[in-house]
Amino acid sequence: MEIPGAAPEPDRMPAGLGIDPAERTPRSFHLSRQVLERARAAAYWLSSTDGAGPTTISELVERAVRQEVERLEAEHNDGQPFPAVVGRMRTGPGAAGAERIRRAQRARRRAAGGSAGTG
């Protein structure tokens with residue numbers, strides 16, 4: 001697989017190889033409040049059904065991420081897992097995400113009457 005700006009590394013293991021699919025790990029992600037509330041509602045309302053749908057936010061997120069990763073692998077890597085990442089990835093929101101967060105914070109302050117609050 002060739003990633004623009006990166007040297008090909010054909011001997012690198014595929015990401016996720018040898019990891020038990022049932023093993024869980026906690027992670028923190030930033031989601032829009034709208035998406036989060038919709039996910040919470042979907043999990044809540046599906047939890048009282050026959051069990052065909054996801055019944056927790058974690059289950060819903062895992063299904064969605066798995067589906068998107070499989071789509072990206074099919075589209076960009078001949079259906080194979082991408083090579084494993086060596087080292088740490090950048091964390092936190094990117095520039096566009098940081099700007100969205102700043103705008104949302106400013107909007108909340110304006111809606112609260114412009115006071116910054118003292119704690």
Side-chain angles (χ1 to χ4, degrees):
M1 179 193 97
E2 273 192 48
I3 299 173
E9 299 183 44
D11 58 339
R12 187 172 293 173
M13 277 186 19
L17 185 68
I19 298 174
D20 179 355
E23 181 182 338
R24 298 294 210 225
T25 183
R27 288 288 178 250
S28 174
F29 297 96
H30 294 269
L31 300 172
S32 73
R33 286 187 57 210
Q34 182 186 52
V35 168
L36 176 60
E37 289 306 314
R38 291 174 67 192
R40 289 181 68 226
Y44 175 82
W45 290 105
L46 290 172
S47 68
S48 62
T49 64
D50 62 6
T55 59
T56 66
I57 294 175
S58 291
E59 187 179 344
L60 186 148
V61 169
E62 177 152 353
R63 286 183 183 194
V65 170
R66 179 182 293 116
Q67 183 177 21
E68 179 63 3
V69 167
E70 289 171 355
R71 185 191 71 77
L72 292 169
E73 289 169 343
E75 186 175 322
H76 299 284
N77 203 36
D78 295 324
Q80 299 300 308
F82 287 99
V85 175
V86 177
R88 295 178 56 116
M89 290 181 63
R90 182 181 64 81
T91 60
E99 181 56 32
R100 276 193 307 274
I101 291 167
R102 283 191 290 275
R103 282 196 308 268
Q105 289 170 337
R106 286 192 296 265
R108 281 194 297 271
R109 283 194 297 271
R110 282 193 298 275
S115 63
T118 58

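Excluded from the calculations below are hydrogen atoms, water molecules and symmetry mates; all remaining heavy atoms, backbone and side chain alike, are included. Quick caveat, the model's predicted, so the values are computed rather than measured.
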Using a 4.5 Å cut-off between side-chain heavy atoms of Ile, Leu, Val, Met, Phe, Trp and Tyr, which other residues end up in the same hydrophobic cluster as [X]?
X: Met13; value: Leu17
X: Leu60; value: none
X: Met89; value: Val85

More than 12 heavy atoms from other groups under 6.0 Å of CD on Gln67
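No, the 6.0 Å shell around CD holds no more than 12 heavy atoms from other groups.
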
Can I get a per-line list of side-chain donor-acceptor pairs under 3.5 Å for residues 23-36, giving both atom names and the distance, sequence neighbours left out?
unit_1, atom_1, unit_2, atom_2, d
Arg24, NH1, Glu62, OE1, 2.7
Ser32, OG, Val35, N, 3.1

Go through the structure and list residues passing side-chain contact (heavy atoms from CB on, under 4.5 Å) with Ser47, not counting sequence neighbours.
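Ser47: side-chain contact (heavy atoms from CB on, under 4.5 Å) contacts with Thr55.
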
Identify whether Val65 and Phe82 are in the same connected component of the hydrophobic contact network (ILVMFWY, side-chain heavy atoms under 4.5 Å).
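The answer is no; the residues belong to distinct hydrophobic clusters.
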
Gly53 and Leu46: which non-hydrogen atoms are nearest, and at how many Å?
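Minimum heavy-atom separation between Gly53 and Leu46: CA-CD1, 4.3 Å.
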
Provide the closest heavy-atom pair for Pro81 versus Glu73 in the form atom of the first, atom of the second, distance.
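Heavy-atom minimum between the residues: CA-OE2, 3.2 Å.
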
Please check: side-chain N/O of Asp78 versus main-chain N/O of Gln80, any donor-acceptor pairing under 3.5 Å?
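Here the side-chain-to-backbone pair does not exist.
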
Got a sec, which residues hit salt bridge (Lys or Arg N to Asp or Glu O under 4.0 Å) with Arg100, two or more places apart in sequence or on another chain?
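For Arg100, no residue satisfies salt bridge (Lys or Arg N to Asp or Glu O under 4.0 Å) once neighbours in sequence are set aside.
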
Report the residues that fulfil salt bridge (Lys or Arg N to Asp or Glu O under 4.0 Å) with Arg103, sequence neighbours left out, ordered by chain and then residue number.
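Result, salt bridge (Lys or Arg N to Asp or Glu O under 4.0 Å) vs Arg103: Glu99.
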
Run the side-chain hydrogen bond (donor to acceptor under 3.5 Å, both in side chains) test against Arg40 and tell me which residues pass, sequence neighbours left out.
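Scan of Arg40 (side-chain hydrogen bond (donor to acceptor under 3.5 Å, both in side chains), adjacent residues dropped) gives Glu37.
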
List the residues meeting side-chain hydrogen bond (donor to acceptor under 3.5 Å, both in side chains) with Glu68, not counting sequence neighbours, and say none if there are none.
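side-chain hydrogen bond (donor to acceptor under 3.5 Å, both in side chains) check on Glu68 returns Arg71.
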
